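Everything numeric in this text was worked out from a predicted model, so none of it was measured.
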Amino acid sequence: MILYFLRHASAGEHFVNPKKDEKRALDKEGIQQCGYVGRALTALDVQVDAIISSPLKRCTQTASLVGNELGYEGKLQIDTGLRPEAGLADFRKLLGKYARLEAIMVVGHNPNLSQFLGAMVSESGCEASLELKKGAVAKVETRRGSGTLQWFLTPKLLRVLYDTAVESSRPKTSRK
C-alpha cells in the first residue's frame, strides 16, 4: 500500500477552548498551501483510492482542497483514528479498514501524525523521528507492516518549486 501523510495546512492560532478549536478553519496561508500541495501532487501523478481525514475542520478543509486539486472524485472519509489525541493503535486500526486499497491519503495533526509516519518507516515501529510541518506531505510505501519513505515535501519547498515553475513558464521577451 502507498500511504500519503498530509498534515493540515495553516489554521492560525490555537484556541484554548477545545470545542472552538475543533471548528478552527484554515487561514489565507493555509488555503494557499493546499493549492501548492495539490498542484505538486498532481505534477507527481499522485492518485489515491481514498482520502481519510480527522474530523476537525482544518483537516477536512485541507483534505477537500487538496483532493479537488488532485481530481479526487470519491467521498472524503472521516476517521477518529486521526484526531489529535489518537494513538498508534487507533492509526493501525484505521489502516486495517483500508488495507485492500492500493493508495490512501491520511490528513491529520501533530504530534501524532508525525509519530504515525515515524512508526511506519521504523523497523522497531517507534524510533524514527520525522516532523511534518503544517501543509507538509510524505509518501511511504508499505510492505508487510513496515514502510519505506519515498519522499517528504515541506510547504516552503513546495512554494519555491511552484514559484520557480511559474517563473520559468513565462514567455521570454527582449526589452531594449
Taking all non-hydrogen atoms of both residues, which atom of [X] and which atom of [Y] are closest, and how far apart?
X: Glu69; Y: Gly38; result: CB-CA, 3.5 Å
X: Val107; Y: Ala63; result: CG2-CB, 3.8 Å
X: Ala138; Y: Leu117; result: CB-CD2, 4.0 Å
X: Gly108; Y: Ser54; result: CA-CB, 4.4 Å
X: Arg58; Y: Ala11; result: CD-CB, 3.7 Å

Rounded to the nearest 0.5 Å, how far apart are [atom1] of [X] and [atom2] of [Y]?
X: Leu113; Y: Cys59; atom1: CG; atom2: SG; value: 8.0 Å
X: Leu153; Y: Leu41; atom1: CG; atom2: CG; value: 7.5 Å
X: Ser10; Y: Asp27; atom1: OG; atom2: CG; value: 3.5 Å
X: His8; Y: Cys34; atom1: NE2; atom2: SG; value: 10.5 Å
X: Leu149; Y: Phe152; atom1: CG; atom2: CZ; value: 7.5 Å
X: Met120; Y: Leu88; atom1: CE; atom2: CG; value: 8.5 Å

(request) Please test Leu6 against Val137 for side chain to side chain contact (heavy atoms under 4.5 Å, CB included), starting from the C-alpha separation and ending with a verdict. (result) CA-CA 4 Å; Leu6 173 60; Val137 62; 4.0 Å; yes
Given 3.5 Å as the limit, does a donor-acceptor pair link the side chain of [X] with the main chain of [Y], or not?
X: Thr60; Y: Lys57; result: yes
X: Glu85; Y: Arg83; result: no
X: Ser114; Y: Leu130; result: yes
X: Asn112; Y: Gln115; result: no
X: Thr142; Y: Met1; result: yes

Could you check whether any side-chain heavy atom of [X] comes within less than 4.5 Å of a side-chain heavy atom of [Y], counting everything from C-beta outward?
X: Val37; Y: Thr62; answer: no
X: Tyr4; Y: Val46; answer: yes
X: Leu94; Y: Thr80; answer: no
X: Pro155; Y: Lys134; answer: no

(message) Once you measure the plane-to-plane angle for Phe91 and Phe116, does it fall in the parallel (<30°), tilted (30-60°) or perpendicular (>60°) bin?
(response)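 Rings of Phe91 and Phe116: parallel, as their planes differ by under 30°.
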Cluster check [X], [Y]: I/L/V/M/F/W/Y, side chain < 4.5 angstrom:
X: Leu56; Y: Met105; value: no
X: Val160; Y: Tyr36; value: no
X: Ile31; Y: Val66; value: no
X: Ile52; Y: Leu132; value: yes
X: Val121; Y: Leu82; value: yes

(message) Taking atom CD as the centre, does Glu73 end up with more than 12 heavy-atom neighbours from other residues, nucleotides or ligands that are less than 6.0 angstrom away?
(response) no
(message) Are more than 12 heavy atoms, taken from residues, nucleotides or ligands other than Glu102, located less than 6.0 Å from that residue's CD atom?
(response)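 No - once you tally the heavy atoms of other residues, nucleotides and ligands closer than 6.0 Å, there are 12 at most.
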(message) Once salt bridge (Lys or Arg N to Asp or Glu O under 4.0 Å) is applied, do any residues pair with Lys93, and if so which ones, sequence neighbours excluded?
(response) none
(message) The test is side chain to side chain contact (heavy atoms under 4.5 Å, CB included); show your working for Arg92 and Asp90 and say whether it passes.
(response) CA-CA 6 Å; Arg92 291 202 188 277; Asp90 300 311; over 6 Å; no
(message) Check this for me: does any side-chain nitrogen of one of Lys97 and Asp79 sit under 4.0 Å from a carboxylate oxygen of the other?
(response) yes
